[in-house]
2 protein chains.
Amino acid sequence: MHLRLKKNSTAVRMKLTSAAQDATDTEKRGRKASKETRRQQLIEATIDSLAKRGYSETTLADVADGAGLSRGIVNFHFESKEKLLIATLQYMADEYAANWGAALDKAGDKAAAQLWALVACDFDRKICTKRKLAAWCAFWGEAKSRPTYQALCGARDVKYQEIFLALCQTLKDEGGYAYEPEGMTLALCASMEGLWLRLMMGDGLTREKAHAAAVEYLLVAFPTHFTREGPK
Amino acid sequence: MHLRLKKNSTAVRMKLTSAAQDATDTEKRGRKASKETRRQQLIEATIDSLAKRGYSETTLADVADGAGLSRGIVNFHFESKEKLLIATLQYMADEYAANWGAALDKAGDKAAAQLWALVACDFDRKICTKRKLAAWCAFWGEAKSRPTYQALCGARDVKYQEIFLALCQTLKDEGGYAYEPEGMTLALCASMEGLWLRLMMGDGLTREKAHAAAVEYLLVAFPTHFTREGPK
DNA sequence: ACATATTTGCTGAACACTCATTCAAAATAT
DNA sequence: ATATTTTGAATGAGTGTTCAGCAAATATGT
């Protein structure tokens, strides 16, 4: 069970919120945490549990313990375990999409630079954690038999793959390459997903090595556009 | 529950096994099935259940029903659910290894032909079924938190990847390519695993298209060795 | 300011249910 | 007759869900 002061904790908390109202948010911990903050906290605990124990052994008790809250809490903030898991997947999908969206914006308007950025951001520190990869993989494992998961995992690609394809097409025209762009794009995207899978399995593969492998692919596919250090 | 005749079913079964002792094995169904046959039967039912319901919803009751046998049967032939699942994964790993082993034998001794065969056999009818892919993926999802699964999923690569690397190395020397062979091999293997993942997800991707994408990769990586139709 | 009422967030014990496992009895094979 | 295989009901541990009640925060009254 988690320890928690009963009577006198009030005074402590009041002092904290008034004296050390430091920085960012008025809502931080204790009762004061807003609904959205709690949901966030529970989602993080869910990712932890998925990474640590896997999908099939993730229990609400474990999530609650991980968040330092009580047993019934999930059914209060989410309606059910199922809803919590869906919200968790949704959160990860949104984060992923936001990440490559931002990378694309920063990349300028040359196609080569954009493709490079898109590949690089998949191996970004923020996204490509063992913890997050394990959570993704846990959902993949269940996706086949759960349409909702499948939709959310797939939504990852709807826009993404279109952009990828368009970029490969552009580079092909620029460089006069001979390949068939659809197959090329598919193989490239699949390669990055496969690298994620291997990173998660953890055969001593590092983020850097995985990224280097993806880059190696870019080099052979688009030799006139890239060097190992980046777009020309 | 599964329906089953009680008293008179014996006669029916006897007639089947004596009159219609058709073809292959003396041991087929009914009591007569040997230990090994029953285990096999239960493993197949397990793969079915993994594919249909996913890892977390696969129950012994479902496996037993799928095999047309009673509830307690798994604990008789396997000691526990855990052991059944491990035996199932072991079976799939063995089948996979046997498949690429055979493909390699048939490919002759030219490195290009061998690599081509190795890539092709991953998309073979026998191996690359939705059913089997879903089962693989179910195990991948749990592998992170289960050393035993991880070992069996990883064993897939121990020899495999060595051979792959050696072949890429050979082709590089023959063709005077400029890439770094480790990264190249890793990206290629990862690409095929990623294609499996996508096949399983089922975005209207077919075995043929997935194979074509892998081939597209081979073409750009080893342009002097391959055409879309095969090794030169 | 202080007291009281109401709302909101949270708790944890109780409940219902699923499911792996056990085992005595039955069916079958040798 | 004995050994082996199979059955299916019983068992018990584990887990998601419910809900009455508690406590903090806020609103309202004096």
Side-chain angles (χ1 to χ4, degrees), chain A residues 1-18 26-42 45-46 49 53 55-65 67-86, chain B residues 1-18 26-39 41-42 45-46 49 53-65 67-86:
Chain A
M1 79 199 74
H2 63 284
L3 306 177
R4 191 179 246 266
L5 302 175
K6 277 275 151 132
K7 283 287 165 206
N8 53 350
S9 62
T10 309
V12 176
R13 232 174 270 150
M14 297 306 286
K15 203 189 282 185
L16 268 175
T17 45
S18 61
T26 51
E27 48 202 7
K28 264 219 138 175
R29 43 180 57 256
R31 285 279 169 174
K32 227 175 165 179
S34 77
K35 228 147 184 157
E36 217 30 66
T37 307
R38 271 274 172 276
R39 284 173 62 95
Q40 181 64 28
Q41 183 183 2
L42 288 169
T46 303
S49 185
R53 327 213 317 169
Y55 186 97
S56 73
E57 304 234 281
T58 286
T59 67
L60 291 188
D62 193 51
V63 171
D65 287 354
L69 295 169
S70 73
R71 292 285 143 98
I73 195 70
V74 167
N75 294 98
F76 181 76
H77 285 284
F78 300 83
E79 200 170 310
S80 64
K81 184 185 185 182
E82 179 70 9
K83 296 255 175 75
L84 168 67
L85 289 168
I86 291 171
Chain B
M1 78 202 76
H2 64 282
L3 306 177
R4 189 178 249 264
L5 302 175
K6 275 276 149 134
K7 283 288 166 205
N8 53 352
S9 63
T10 309
V12 176
R13 234 175 266 150
M14 296 307 285
K15 201 189 285 184
L16 267 176
T17 45
S18 62
T26 51
E27 48 201 6
K28 263 219 137 174
R29 43 180 56 256
R31 291 274 173 176
K32 225 175 167 179
S34 76
K35 226 147 182 158
E36 217 29 67
T37 307
R38 272 274 174 276
R39 283 173 63 95
Q41 183 183 3
L42 288 168
T46 304
S49 185
R53 327 210 321 168
Y55 186 98
S56 72
E57 304 234 278
T58 286
T59 67
L60 290 188
D62 193 51
V63 170
D65 287 355
L69 296 169
S70 73
R71 295 286 143 98
I73 197 70
V74 167
N75 294 98
F76 179 76
H77 286 285
F78 299 85
E79 199 171 310
S80 65
K81 185 184 184 182
E82 179 69 9
K83 296 251 175 78
L84 168 68
L85 290 167
I86 289 171

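Convention: sequence-line order gives letters A, B, ...; per-chain numbering from 1.
- Regarding A:L69, its CG atom lies at a distance of 11 Å from the C1' atom of C:dG9, rounded to whole Å.
- For A:F78 and C:dC10, the CZ to C1' distance is 15 Å, given to the nearest whole Å.
- Between the NZ atom of B:K35 and the P atom of C:dA29 there is a distance of 16 Å, given to the nearest Å.
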Find every protein N or O atom lying less than 3.5 Å from an N or O atom of nucleotides 19-21 of chain C, and list the pairs.
unit_1 : atom_1 : unit_2 : atom_2 : d
C:dA20 : OP1    : B:K81  : NZ     : 2.6
C:dA20 : OP2    : B:L60  : N      : 2.9
C:dT21 : OP2    : B:N75  : ND2    : 3.3
C:dT21 : OP2    : B:K81  : N      : 2.8

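- Rounded to whole angstrom, the span from the NE2 atom of A:H77 across to the P atom of D:dT17 amounts to 15 Å.
- One distance of note links OH of B:Y55 with OG1 of B:T46; it measures 11.0 Å at 0.5 Å rounding.
- Taking a pair as Watson-Crick or G-U wobble with both distances under 3.5 Å, the runs of three or more consecutive pairs in DNA chain C are C:1-30 with D:1-30.
- A search for side chain to side chain contact (heavy atoms under 4.5 Å, CB included) contacts involving A:S49 returns A:R53, A:T58, A:D62, A:V63, not counting sequence neighbours.
- Judged by distance alone, with hydrogens and angles left aside, the side-chain atoms of B:R39 form a donor-acceptor pair with the main-chain N or O of B:H77 at under 3.5 Å.
- Between the CD1 atom of B:I73 and the C1' atom of C:dA26 there is a distance of 13 Å, rounded to whole Å.
- Contact between B:T59 and B:K81 at its shortest, heavy atoms only, is CA-NZ, 4.4 Å.
- The minimum heavy-atom distance linking B:S70 with B:A64 is given by the pair O-CB, 3.3 Å.
- For B:F76 and C:dA27, the CZ to P distance is 17 Å, given to the nearest whole Å.
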- Message: The test is side chain to side chain contact (heavy atoms under 4.5 Å, CB included); show your working for A:K83 and A:V74 and say whether it passes.
- Response: CA-CA 10 Å; A:K83 296 255 175 75; A:V74 167; over 6 Å; no
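- Remark: C1' of D:dT6 and CD of B:Q41 are 12 Å apart, rounded to the nearest angstrom.
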